[in-house]
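Worksheet: the structure to be examined is printed underneath.
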Amino acid sequence: MDKKEAFIAVIQQHERLIYKVAGFYVNNLQDRQDLVQEIIYQLWKSFDSFNHQSTVSTWMYRVAMNTAIYFLKRSKRSVKILPVNEYLTDFADSTDPETEERFQLMHQHIRLLNLLEKGIVMLYLEGKSYEEISLLTGISVSNVGTRLSRIKEKLKNQIAKSK
């Protein structure tokens with residue numbers, strides 16, 4: 001398998017990851033499509049330098065998150081409230097209106113977090129360990145724990161105030 005075929009196989013296997021990160025950081029279809037293209041381009045540029053010291057998905061998360069943050073800063077776009085959509089999480093659809101309402105409320109408040117906090121929460125909701133979050137964000141493992149505790153407290157307070 002040549003480089004191009006290997007890259008395409010990796011992208012197809014982890015396509016959902018790219019769309020999830022893009023959907024978490026931008027709010028409209030055009031921006032999401034632009035960001036997805038930019039993420040894929042950056043993955044292609046760094047594909048040769050991927051040294052398999054981490055998993056492919058860890059490498060892709062790191063590239064995707066860094067690209068999303070740079071994309072937003074470069075374009076001077078503000079992060080606005082995003083519609084909850086299929087790219088944000090893979091939670092099962094709930095027929096319970098109370099559960100759905102709590103889910104919507106939680107996402108409304110997550111959208112108000114800063115870029116790093118959003119990234120940490122997204123990875124935490126993905127089930128990533130503190131070590132993986134540390135590797136992906138470039139902050140220490142103990143800092144991940146501290147930031148997650150503060151984010152949880154912040155979300156708890158914001159939700160309590162909104163009731």
Take Val56 and Gln13 through the side-chain contact (heavy atoms from CB on, under 4.5 Å) test and state the conclusion after the steps.
CA-CA 10 Å; Val56 172; Gln13 183 179 7; over 6 Å; no
Using a cut-off of 6.0 Å, state whether more than 12 heavy atoms not belonging to Lys154 lie near its atom NZ.
yes
Under 3.5 Å, side chain of Ser129 to main-chain N/O of Glu132, donor-acceptor pair present?
yes
With the side chain counted from C-beta on, respond yes when Arg147 and Thr137 share a heavy-atom pair under 4.5 Å apart, and no when they do not.
no
Got Ile120 and Ile139 here, is their nearest side-chain heavy-atom distance under 4.5 Å?
yes
Quick one: which residue pairs count as a salt bridge (Lys or Arg N to Asp or Glu O under 4.0 Å) with a foot in residues 40-66, not counting sequence neighbours?
Lys3-Asp48
Of all heavy-atom pairs between Lys118 and Phe24, which one has the smallest distance, and what is that distance?
O-CE2, 3.2 Å
Test side-chain contact (heavy atoms from CB on, under 4.5 Å) on Val10 and Leu43 and set out the steps.
CA-CA 10 Å; Val10 166; Leu43 288 167; over 6 Å; no
Does any part of the side chain of Ser162, heavy atoms only, come nearer than 4.5 Å to the side chain of His109, both counted from C-beta?
yes
Work out which heavy atom in Leu136 is nearest to a heavy atom in Thr58; give both atom names and the distance.
CD2-O, 2.7 Å
Output all residues satisfying side chain to side chain contact (heavy atoms under 4.5 Å, CB included) with Ser57, sequence neighbours left out; order by chain, then residue number.
His14, Leu17, Thr55, Lys128
Going by atom types alone, do Gln37 and Gln33 pair a side-chain donor with an acceptor below 3.5 Å?
no
Side-chain (Ser134) to main-chain (Tyr130) donor-acceptor, under 3.5 angstrom
no
Asp31 side chain near Tyr25 side chain, heavy-atom distance below 4.5 Å
no
hydrophobic_cluster_shared for Tyr124 and Val141, side chain cutoff 4.5 Å
yes
Can you say whether the rings of Trp59 and Phe47 are parallel (under 30°), tilted (30 to 60°) or perpendicular (over 60°)?
tilted
Arg150 and Glu117 ion-paired at < 4.0 Å:
no
Side chains of Met60 and Ile11: does their closest heavy-atom pair fall under 4.5 Å?
yes
Here the pair of heavy atoms bringing Ala22 nearest to Val36 is CB-CG2, 3.6 Å
Less than 4.5 Å apart, any side-chain heavy atom of Asp34 and any of Phe71?
yes
Side-chain contact, heavy-atom cut-off 4.5 Å: Glu38 with Tyr70?
no
Which heavy atom in Ile110 sits nearest to a heavy atom in Leu155, and how many Å separate them?
N-CD2, 3.9 Å
To the nearest 0.5 Å, what is the distance between CD1 (Ile39) and CZ (Arg32)?
11.5 Å
Closest approach of Val63 and Thr67, non-hydrogen atoms and distance?
O-OG1, 2.7 Å
I need the Ile69 CD1 to Leu116 CG distance, nearest 0.5 Å.
6.5 Å
Where do Ile40 and Phe7 land on the side-chain contact (heavy atoms from CB on, under 4.5 Å) test, with the steps shown first?
CA-CA 10 Å; Ile40 292 171; Phe7 179 75; 4.1 Å; yes
Met122 and Val21: which non-hydrogen atoms are nearest, and at how many Å?
CE-CG2, 3.7 Å
